[in-house]
Protein chains: 2
Amino acid sequence: MKLNTLSRKQEIYRTAAKLFKEKGYSAVTMRDLAAAVGIKAASLYNHITSKQQILSEIILDIAEQFTEGIDAIVDRDTDTITKLKEVIAQHIILTTDNPYGMAALNNDWMHLEGKLDHYLDLRTRYENKFRSIVLEGKESGELKDVNTEILLYSILTTLRNLYLWIPKKGELQKDVLIKELSVTLLQGVEK
Amino acid sequence: MKLNTLSRKQEIYRTAAKLFKEKGYSAVTMRDLAAAVGIKAASLYNHITSKQQILSEIILDIAEQFTEGIDAIVDRDTDTITKLKEVIAQHIILTTDNPYGMAALNNDWMHLEGKLDHYLDLRTRYENKFRSIVLEGKESGELKDVNTEILLYSILTTLRNLYLWIPKKGELQKDVLIKELSVTLLQGVEK
DNA sequence: AAATGTAACTAACAATTGTTAGTTTTGTAG
DNA sequence: CTACAAAACTAACAATTGTTAGTTACATTT
């Protein structure tokens with residue numbers, strides 16, 4: 001009973017994330033979502049409380065995982081390169097787990113309304129921790145002396161948009177992807 | 001008369017692109033757009049033919065510029081690294097010119113309806129040309145032997161999302177950005 | 001001054017939106 | 001087999017959507 005409810009609820013959340021990825025939050029109607037789940041729109045409200053809340057839950061769940069993850073990485077007692085590789089690995093793992101949610105996080109965060117401030121806090125915190133890793137690496141001489149913001153932006157953008165790309169490759173093996181992407185991002189492509 | 005009409009029309013297009021960037025195409029109403037321009041919604045239709053057409057014009061205009069640009073670069077008689085730098089430069093220049101339009105291109109292309117096929121054609125053509133440059137560089141030994149798709153995805157994603165970033169830096173000087181981003185993307189960040 | 005064309009306006013439309021109320025079906029526990 | 005709760009349904013709501021029709025204000029050309 002509780003099990004059945006949960007799985008129906010989760011089915012709604014997962015379907016919603018998928019639709020949000022395809023058309024964006026605003027373009028997905030509750031009737032679309034209901035049809036995709038195989039019920040009528042009004043029946044959705046036996047399981048969820050509002051469209052808003054679906055979005056908030058999808059996005060904040062992921063955002064919190066990222067923030068917790070980078071907090072742990074920053075505190076680790078290793079060199080900068082290892083930390084950067086761990087950040088890359090975390091992105092690949094979380095994106096593989098939930099590519100549709102990642103799409104919503106990237107594209108629909110501005111529709112969070114009540115939870116928007118909380119989301120922006122998490123994002124700023126994440127970016128600051130990332131920046132602190134980079135600055136550390138530049139001080140220690142592990143990283144080149146390129147513009148910090150350019151470096152930061154360039155890597156972070158690639159990682160944030162993995163969701164566009166990961167589902168296409170039918171298992172390019174997580175491990176291989178982590179290794180190859182680390183090389184590409186950290187060491188470049190020019191021989 | 002014709003001049004005045006054009007500038008009002010262009011004001012609408014530019015304002016629309018800005019709003020599309022902030023909230024996405026579906027979340028922007030014709031009343032939002034009208035208010036931002038300072039008139040009533042119905043008056044918009046003295047200048048434009050539909051909401052759809054505003055989006056199509058914004059996106060396809062840019063998409064065609066990119067396609068024409070890369071066609072020219074591919075045909076150039078230079079080495080691969082130079083070609084890649086030219087692709088990077090093109091992205092920076094076009095994004096600086098029209099960051100809001102770039103946002104619409106990236107996030108709202110799926111709402112193109114009638115023009116969707118044409119857009120997808122242009123995009124595929126662009127990606128294929130980009131890939132041909134990369135493959136050429138790997139054959140000639142100018143590029144490392146990393147996975148082609150990873151390399152392609154990683155660079156292209158960074159370039160496509162420059163719009164998120166370029167308006168923030170109050171003139172990080174186009175030239176400097178082109179040079180620094182080329183180094184970061186091609187040679188990596190690890191010392 | 002008369003005529004013309006552009007661009008604004010008000011009012012309204014049919015369709016669609018998220019959501020609620022009230023009712024019926026369905027599956028399970030006693 | 002009965003009772004009950006979970007989850008589906010139908011019907012409807014008030015608000016909002018893109019767009020059209022018809023009208024008015026304004027400037028420029030005759």
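Scope of the values below: all heavy atoms of this structure, side chains included, with no hydrogens, waters or symmetry mates.
- The CD1 atom of A:Ile48 sits 16 Å away from the C1' atom of D:dA6 (whole-angstrom rounding).
- Side-chain nitrogen and oxygen atoms of B:His47 include none within less than 4.0 Å of the OP1 or OP2 phosphate oxygen of C:dT6.
- Closest contact between the side chain of B:Ser43 and the listed nucleotides D:dC9, C:dC9, C:dA12 involves C:dC9.
- Between the side chain of A:Asn46 and the base of D:dA8, a donor-acceptor pair under 3.5 Å is found.
- The phosphate of D:dT19 (OP1 or OP2) has no side-chain N or O of B:Lys51 nearer than 4.0 angstrom.
- Inter-residue side-chain proximity for B:Trp165 and B:Leu177 is flagged as met; some heavy-atom pair is nearer than 4.5 Å.
- The aromatic rings of B:Tyr119 and B:Trp109 lie parallel to each other, with less than 30° between the two planes, well short of the 60° mark.
- A salt bridge links A:Arg160 with A:Glu127: at least one charged nitrogen is closer than 4.0 Å to a carboxylate oxygen.
- Counting to the nearest Å, the P atom of D:dA8 and the CE atom of A:Met30 are 13 Å from each other.
- Of the candidates D:dT19, D:dT17, C:dT10, D:dT17 carries the atom nearest the B:Thr29 side chain, counting heavy atoms from C-beta on.
- A salt bridge links B:Glu11 with B:Arg8: the distance from a Lys NZ or Arg NE/NH1/NH2 to an Asp or Glu carboxylate oxygen falls below 4.0 Å.
- Taking every side-chain heavy atom of B:Tyr45 into account, D:dG18 is the closest of C:dG18, D:dG18, C:dT10.
- With C:dA21, D:dT19, C:dA8 as the choices, the nucleotide that has an atom nearest any side-chain atom of B:Ile39 turns out to be C:dA8.
- Put simply, CG on B:Leu44 is 11 Å from C1' on C:dA7, counting in whole angstrom units.
- Of the candidate nucleotides C:dA11, D:dT10, C:dT19, D:dT10 has the atom nearest to the side chain of A:Ala42.
- Taking side-chain N and O atoms only, B:Arg8 has a distance below 4.0 Å to OP1 or OP2 of C:dA8.
- Within 4.0 Å (heavy atoms only), A:Val28 reaches sugar-phosphate atoms of the nucleic acid but no base atom.
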